There are 2 protein chains.
Amino acid sequence: MDIGSDAPPLTPAGRRIVDAAEELFYERGITAVGVDLIAEHSGVTKRTLYNRFGSKDNLVAAYLAERDRRWRSAVRAAVDASDGAEEAVTAPFEALRSWTTTYTRGCAFLNALAELPDPRHPGHRVAAEQKRWLLGLFEELAAAAGCHGPATLATRLFVLHEGAVATAPLSLGTVAAAGDLARALVRAAVRR
Amino acid sequence: MDIGSDAPPLTPAGRRIVDAAEELFYERGITAVGVDLIAEHSGVTKRTLYNRFGSKDNLVAAYLAERDRRWRSAVRAAVDASDGAEEAVTAPFEALRSWTTTYTRGCAFLNALAELPDPRHPGHRVAAEQKRWLLGLFEELAAAAGCHGPATLATRLFVLHEGAVATAPLSLGTVAAAGDLARALVRAAVRR
DNA sequence: TGTGGAGTATACAGATCAGTATATCCGCGA
DNA sequence: TCGCGGATATACTGATCTGTATACTCCACA
């Protein structure tokens with residue numbers, strides 16, 4: 001039922017379809033990319049695409065769910081690699097820094113929300129849930145590090161993070177600036 | 001030539017077209033809205049639309065230029081209404097707060113950049129230029145208020161602003177949080 | 001042996017897309 | 001009175017859109 005949550009095993013063709021969708025949707029936009037193009041890029045018939053995913057809307061949700069899965073594992077890896085609980089709070093900014101060297105079109109989820117206004121769209125739900133997850137993660141990490149006012153701090157870090165990823169394609173130095181300020185905020189919230 | 005800069009006077013039909021485009025493009029997305037729908041909503045023939053704007057791409061640019069013009073005047077009004085140079089620095093956050101009560105689909109310019117990857121698209125240029133303007137404005141205001149490190153502070157305020165407007169549709173309290181943190185940053189940069 | 005799932009191949013429906021063609025009407029200023 | 005710019009009305013082109021129909025091949029597994 002829900003495509004994103006418990007990862008139904010993909011057939012080989014399904015795998016290739018999601019891979020092609022991930023690149024094309026992200027680089028060119030969701031509405032601008034047709035299913036014919038995705039079928040062609042994945043070396044698959046349109047019939048197979050519809051047998052696997054049922055509709056374009058579901059394929060969009062699968063693309064976002066896959067992106068979400070990979071982003072979360074990158075963030076978790078950065079958290080695990082960080083040196084202590086205080087550094088862990090800003091680990092998502094480290095993940096973002098390397099993430100944006102590969103993906104230069106901004107945030108796939110914010111971009112999707114820009115194109116999918118209808119909250120009933122399955123892709124809209126996946127994207128919105130991704131944002132709520134990140135906000136919750138910041139709060140968990142802030143609490144674990146013993147920060148004062150973890151909820152307020154988490155919202156602030158979340159805003160910084162989203163501002164950085166949203167403006168990353170403009171190359172205005174926002175990714176580094178957000179990380180610097182985030183670390184300063186955490187430092188101040190710990191030592192008090 | 002350049003639609004946004006020196007505001008060529010619009011004919012009555014042209015005015016109605018831009019108004020309809022502004023609502024439809026913002027609410028439903030640029031690629032998802034066709035020129036036929038805009039012509040219908042503005043009570044105008046498609047022939048007239050093409051006589052006025054030449055192409056959909058140019059109409060998109062005109063829509064964004066109009067939005068930019070109105071947003072800048074709202075920001076300038078907030079700056080003028082602010083009490084002193086220090087408050088003026090965070091005036092854009094006040095403008096944003098009232099702006100987001102009317103426009104609940106996030107930032108028209110970030111949304112446009114999400115849909116228009118090609119930097120040669122006339123709409124892409126208008127949107128990117130809008131962001132650079134805001135960043136520059138923050139720096140001017142910070143310098144005028146005598147803040148320490150106005151460039152660094154401006155980038156930080158800019159990131160906060162963009163994070164707030166990008167996540168505003170999610171109703172996670174980011175607009176208020178960004179404003180609060182912005183005021184604290186300016187306060188700290190002034191008293192030192 | 002044979003059954004069913006995965007995938008291919010091709011064609012099609014019906015709608016919508018951006019943009020053009022042709023012809024006409026109206027009001028205003030020279 | 002003439003001409004011209006703004007706008008209307010309607011029809012059209014050719015491409016592309018999502019989604020479906022029909023008929024086929026291949027292969028693992030029971």
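Numbered from 1 within each chain, the chains take letters A, B, ... in sequence-line order. Just the heavy atoms: all of them, side chains too, but no hydrogens, waters or symmetry mates, feed the values below. Just so it is clear, the structure is predicted and the values come from calculations on it, not from any experiment.
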From CZ of A/Phe53 across to P of D/dG19 the rounded distance in Å is 14 Å
Picking from D/dC17, D/dA7, C/dT8, the nucleotide nearest the side-chain atoms of B/Thr48 would be D/dA7
Here the distance between atom P of D/dT18 and atom CG of A/Leu37, to the nearest Å, is 10 Å
Exercise for the section: Check the angle between the aromatic planes of A/Phe138 and A/Phe93 and answer parallel, tilted or perpendicular using the 30° and 60° thresholds. Expected result: tilted
Between OH of B/Tyr50 and C1' of D/dA9 the distance, given in whole Å, is 17 Å
Would you indicate what B/Gly43 reaches in the nucleic acid, counting non-hydrogen atoms under 4.0 angstrom: base, sugar-phosphate, or nothing?
sugar-phosphate
Exercise. Are B/Arg72 and B/Asp68 close enough for a salt bridge, meaning some N to O gap below 4.0 Å?
Worked result: yes
(Q) Salt bridge or not between A/Arg76 and A/Asp80? Use side-chain N to carboxylate O under 4.0 Å. (A) no
A/Leu59 CG to D/dT18 P, in whole Å, measures 10 Å
*Closer than 4.0 Å, any side-chain N/O of A/Thr11 to the OP1 or OP2 of C/dG5?*
no
task = May I ask you to say what A/Thr45 touches in the nucleic acid, namely base, sugar-phosphate or nothing, with a heavy-atom cut-off under 4.0 Å?
result = base
Item to check | Test: B/Glu86 and B/Arg187 ion pair at under 4.0 Å | outcome: no
Per atom distances to the B/Arg47 side chain, the nearest of D/dA7, C/dG7, D/dT8 is D/dT8
- Message: Under the criterion side chain to side chain contact (heavy atoms under 4.5 Å, CB included), I'd like the reasoning laid out for A/Tyr50 against A/Val35: C-alpha separation, chi angles, the key distance, then a yes or no.
- Response: CA-CA 9 Å; A/Tyr50 275 93; A/Val35 290; 3.8 Å; yes
Of A/Gly54 and A/Ala32, the one whose closest nucleotide on DNA chain D sits nearer the 5' end is A/Ala32
- Would you say the side chain of B/Lys56 and the base of C/dG19 hold a donor-acceptor pair, judged only by whether the two atoms sit under 3.5 Å apart? no
Whole-Å distance, B/Leu24 CG to C/dC17 P, equals 12 Å
Taken to the nearest whole Å, CG/A/Leu10 to C1'/C/dG5 is 16 Å
Considering only heavy side-chain atoms of B/Lys46, the closest of C/dT20, D/dA7, D/dT22 is C/dT20
Side-chain atoms of B/Pro12 come closest, of D/dT20, D/dA7, C/dG7, to D/dA7
Rounded to whole Å, the CG-P distance (A/Asp36 to C/dC17) equals 17 Å
Closest to the side chain of B/Arg52, out of D/dG19, D/dG6, D/dT8, is D/dG6
Rounded to whole Å, CD1 of A/Ile30 lies from P of D/dC17 at a distance of 15 Å
